[in-house]
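Here's the structure we're looking at; comments come further down.
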Amino acid sequence: MHNCKEGYVKDLKGNPGLHSPMLDFDNDVRPSVLGHLSQTASLKRGSSFQSGRDDTWRYKTPYRVAFVEKLTKLVLSQLPNFWKLWISYVNGSLFSETAEKSGQVERSKNVRQRQNDFKKMIQEVMHSLVKLIRGALLPLSIREGEMRQYGGWEVKSELSGQWLAHVIQTIRLTYESLTALEIPNDMLQTIQDLILDLRVRCVMVTLQHTAEEIKRLAEKEDWIVDNEGLTSLPCQFEQCIVHSLQSLKVVLECKPGEASVFQQPKTQEEVCQLSINIMQVFIYCLEQLSTKPDADIDTTHLSVDVSSPDLFGSIHEDFSLTSEQRLLIVLSNCRHLERRTFLNITEHFEKHNFQGIEKITQVSMASLKELDQRLFENYIELKADPIVGSLEPGIYAGYFDWKDCLPPTGVRNYLKEALVNIIAVHAEVFTISKELVPRVLSKVVEAVSEELSRLMQCVSSFSKNGALQARLEICALRDTVAIYLTPESKSSFKQALEALPQLASGADKKLLEELLNKFKSSMHLQLTCFQATSSTMMKT
C-alpha cells in the first residue's frame, strides 16, 4: 500500500502535469472479489459525469484519484484471501480432520491468543488505507508527524467536486465489498468516518466552485430584455445553482450506515455561509453591471423583445443602452429575483435537506433589497433632479411676479415642460419594464410636488391673479398625475394649495375649471400615459 503511494507521488513529481494515464485495472484481479466493485463503478461513473461523454475523461484522471482507485483495488485483491484464511483457521477447516485430540486442544488455545492479533492486523490495514487516502485528499485531517508517512503529495490545487464525488463512490463500493465479507463493522468504522469527511468536503468545494461560476455570470449578460423586462441572467443564476445541487445529489444521499452530511452544527453553519455567499456574489454581479461605464459594454448586437413597445423609436437596429436604461434593467431583474428566483432557489435548498434555509433567505433578501433601494434612488436622482431643478427658473422666467401679474389664460410652459419630462421618464421605464412604471413615476411625482410646495410656501404674498394662476398650475399637475399620487405627494399638493389665498368668488372658480379643462383637452394626447389602466394602476 505504501509502495503504491510512493509510486504515484514519484510519478507526479516527475511529471509537471496534474493528470495520470488511464486508470490501470489489472487483468489478474479476481472477478469474484472485484466484480461488484468494477461493475457498479462503471454504472455509477456514468451518472456522476455529464451524459453523452465518452471515456476520454479517464485519460485526464488526477494522480490522487488514480491512486485511490489503485489502492482500493489493491486492498480488495489481497484482503479477502487473508480474511478467508483466518475464517478457515478459526473454524478448524484449515486442519486435517484426523488431527490428534491434543493438537486440537492446543490449537484452540492458539486461536484465542491469535484472535486479537489478527483483529489488530485487519485494523492496521484499514488504518493504513484510510490514512493514505486522507494524506492524498484531506491532508489537514492527519497529524503533522504522519505527513511524511501518509502524505507528501505537495499538490496545491484541490480536486473538483466532480472528482471528489467519484472518489466517494469508489470508497463506498470498497466499503460495500468489505462488509460483504462479513468483516465486523467496528473494524470498518474508520472508512465510514472517511466517507463522511469526504462528503462534507465535496459539498464545500462544490459550493465554492459554484460561487466562482456565478461571479463570471456578469460576463454573460447580453442586456436583451424579454416582454417581462428581464434578461436571461436570473434564469442562468438559478440554473447554475440547480446544476450544482444536482451534482451533489448522490453525495448528500445517505447509504446504509452513513450519517447525514449536515450532522455536525459546524458543517451546517459553514454550508449556510457558503450558500449565503453564492447569493451575495450574484447580487454583487448585478451591482457591478449597473455601474459599468458605457465604454465597457458592447451593445451593437443588442435588441429588445419585439413584444416590447417602441413608443418613441428608441429601439432600432443600432440600439445602445444608456446608464439609466442599464439601471432599469438591473432593477427589473432585482424585482424578479425577489418575487420568484430566490424563492425557487430556497425550494431547491430545502429539497436537498440544507439546514439554515431561513437564515439564507433572510440575509440574501436583505442584501438584494438594499441593492434594489440604492439603485432605485440613483435612478430617481438622475431623472427627478433635472425636472425639480427646472421648476423655479421656469416659474419666474420673464421676471414673473405673483404679486403683479395678468389674469391667467392657461397653464404656463414651465409646467408643460415638466410634464413632458415626466412623460419621457414614463416612456423609458415602460419600454424596459411595465411593472416598474408605478414605482418610478410615483417617486418622481413626490419629488416634483415637494419642490412645488416649497416654492409656493416661499412666496411672501399673492395678488388675486397670482393666486388663481398658482392654483391652476398646482391643480393641473395634481390632476394629471392622479394615479401616481402617494400619501406624501398628496400632502405636498395640499400644503401648496394651503399656502394660497382662497378663491374670492364663484367666477374665479368657474374660470379655474374652464382653464383646467382647456389644458387637459389641449394636451390630451401627451397625457394619455397618465390614464389609469390595469397595467399602470398603483399596486398597494
Side-chain angles (χ1 to χ4, degrees), residues 206-207 209-247 274-292 296-299 301-308 319 321 323-352 354 357 360-376 378-379 428-440 535 539:
T206 301
L207 293 178
H209 176 72
T210 304
E212 290 299 317
E213 265 191 272
I214 286 167
K215 200 179 285 183
R216 293 191 290 272
L217 278 182
E219 300 163 14
K220 299 180 182 179
E221 177 60 283
D222 56 14
W223 299 103
I224 297 174
V225 180
D226 66 13
N227 59 357
E228 289 184 26
L230 305 173
T231 66
S232 61
L233 215 59
C235 182
Q236 287 184 54
F237 169 57
E238 185 177 343
Q239 284 304 309
C240 197
I241 291 179
V242 169
H243 291 153
S244 172
L245 294 177
Q246 193 62 35
S247 73
L274 285 170
S275 303
I276 289 170
N277 183 52
I278 285 171
M279 310 292 261
Q280 291 183 326
V281 161
F282 187 66
I283 293 168
Y284 178 72
C285 276
L286 294 175
E287 183 174 16
Q288 293 298 101
L289 286 168
S290 71
T291 56
K292 256 190 175 181
D296 288 357
I297 296 178
D298 174 22
T299 54
H301 67 289
L302 300 185
S303 64
V304 167
D305 192 284
V306 289
S307 57
S308 293
F319 176 74
L321 291 172
S323 55
E324 289 97 334
Q325 285 172 317
R326 283 204 307 280
L327 265 177
L328 281 173
I329 291 172
V330 175
L331 279 169
S332 182
N333 281 340
C334 282
R335 184 178 180 277
H336 183 77
L337 286 166
E338 183 185 342
R339 297 194 172 194
R340 202 171 303 169
T341 309
F342 274 20
L343 299 177
N344 291 348
I345 289 169
T346 299
E347 286 179 13
H348 292 305
F349 281 137
E350 284 176 343
K351 184 180 169 185
H352 289 83
F354 274 51
I357 302 288
I360 295 170
T361 307
Q362 190 178 356
V363 174
S364 304
M365 284 291 194
S367 297
L368 180 66
K369 286 177 180 175
E370 190 271 331
L371 173 66
D372 174 83
Q373 188 58 32
R374 194 149 32 88
L375 297 184
F376 179 70
N378 288 351
Y379 183 77
E428 182 175 78
V429 178
F430 193 87
T431 304
I432 301 292
S433 170
K434 297 183 277 289
E435 302 293 335
L436 283 176
V437 170
R439 184 184 179 194
V440 171
S535 63
K539 291 180 173 62

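The chain is numbered in sequence order, starting from 1. None of the values given here were measured: they were computed from a predicted structure.
In this structure, Phe376 has no ring-ring contact (aromatic ring centres under 6.0 Å, His included) partners at least two apart in sequence or on a different chain. Every residue two or more places apart in sequence or in another chain that forms a salt bridge (charged side-chain N to carboxylate O under 4.0 Å, His left out) with Glu212 is listed here: Lys215.
Closest heavy-atom contact between Leu368 and Cys334: CD2-O, 3.8 Å. Heavy-atom minimum distance, Gly229 versus Asn333: O-OD1, 4.4 Å. Closest approach of Leu436 and Ser332 over heavy atoms only: CD1-N, 3.8 Å. For Ile283 against Ser364, the heavy-atom pair with the smallest separation is CD1-O, 3.6 Å. Contact between Leu245 and His352 at its shortest, heavy atoms only, is O-NE2, 3.4 Å. Closest of all the heavy-atom pairs between Ser244 and Ser247 is O-OG, 2.6 Å.
In this structure the side chain of Ile360 never reaches within 4.5 angstrom of the side chain of Thr346, judged on heavy atoms. Within the 4.5 Å cutoff, no side-chain heavy atoms of Glu238 are placed close to those of Arg340. Looking at heavy atoms from C-beta onward, Asn378 lies out of side-chain contact with Thr291 at the 4.5 angstrom threshold.
To the nearest 0.5 angstrom, Gln373 atom CD is 11.0 Å from Lys369 atom NZ. Separation of atoms OG (Ser433) and NE2 (His336) is listed at 11.5 Å; rounding is to 0.5 Å. To the nearest 0.5 Å, atom SG of residue Cys235 and atom CG of residue Asn344 are 10.0 Å apart. Note that CG of Leu217 is 11.5 Å distant from CD of Gln239, once rounded to the nearest 0.5 Å. With values rounded to the nearest 0.5 angstrom, Ile278 atom CD1 is found 5.0 Å from Thr210 atom OG1. Atoms OG1 and CD, on Thr231 and Glu221 in that order, are 3.5 Å from each other to the nearest 0.5 Å.
Asp372 pairs in a salt bridge (Lys or Arg N to Asp or Glu O under 4.0 Å) with only one of the listed residues (Arg439, Arg339, Arg335), which is Arg439. Looking at Val363, Val281, Thr361 one by one, the single match for side-chain contact (heavy atoms from CB on, under 4.5 Å) with Ile276 turns out to be Val363.
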Working for side chain to side chain contact (heavy atoms under 4.5 Å, CB included), residues Ile241 and Ile214:
CA-CA 9 Å; Ile241 291 179; Ile214 286 167; 4.1 Å; yes
So Ile224 and Ser232, side chain to side chain contact (heavy atoms under 4.5 Å, CB included) or not? Walk me through it.
CA-CA 8 Å; Ile224 297 174; Ser232 61; over 6 Å; no
Derivation and outcome, side chain to side chain contact (heavy atoms under 4.5 Å, CB included), residues Trp223 and Val330:
CA-CA 9 Å; Trp223 299 103; Val330 175; 4.1 Å; yes
Report the C-alpha separation of Ile345 and Met279 in whole Å, then their side-chain angles, then the decisive distance to 0.1 Å, and conclude whether the side chain to side chain contact (heavy atoms under 4.5 Å, CB included) test is met.
CA-CA 10 Å; Ile345 289 169; Met279 310 292 261; 3.9 Å; yes
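The salt bridge (charged side-chain N to carboxylate O under 4.0 Å, His left out) pairs that include a residue from residues 279-289 are Glu287-Arg374, where partners are two or more places apart or lie in different chains.
In this pair, Phe282 and Phe237 present their aromatic rings parallel. The plane angle is below 30°, not in the 30 to 60° band.
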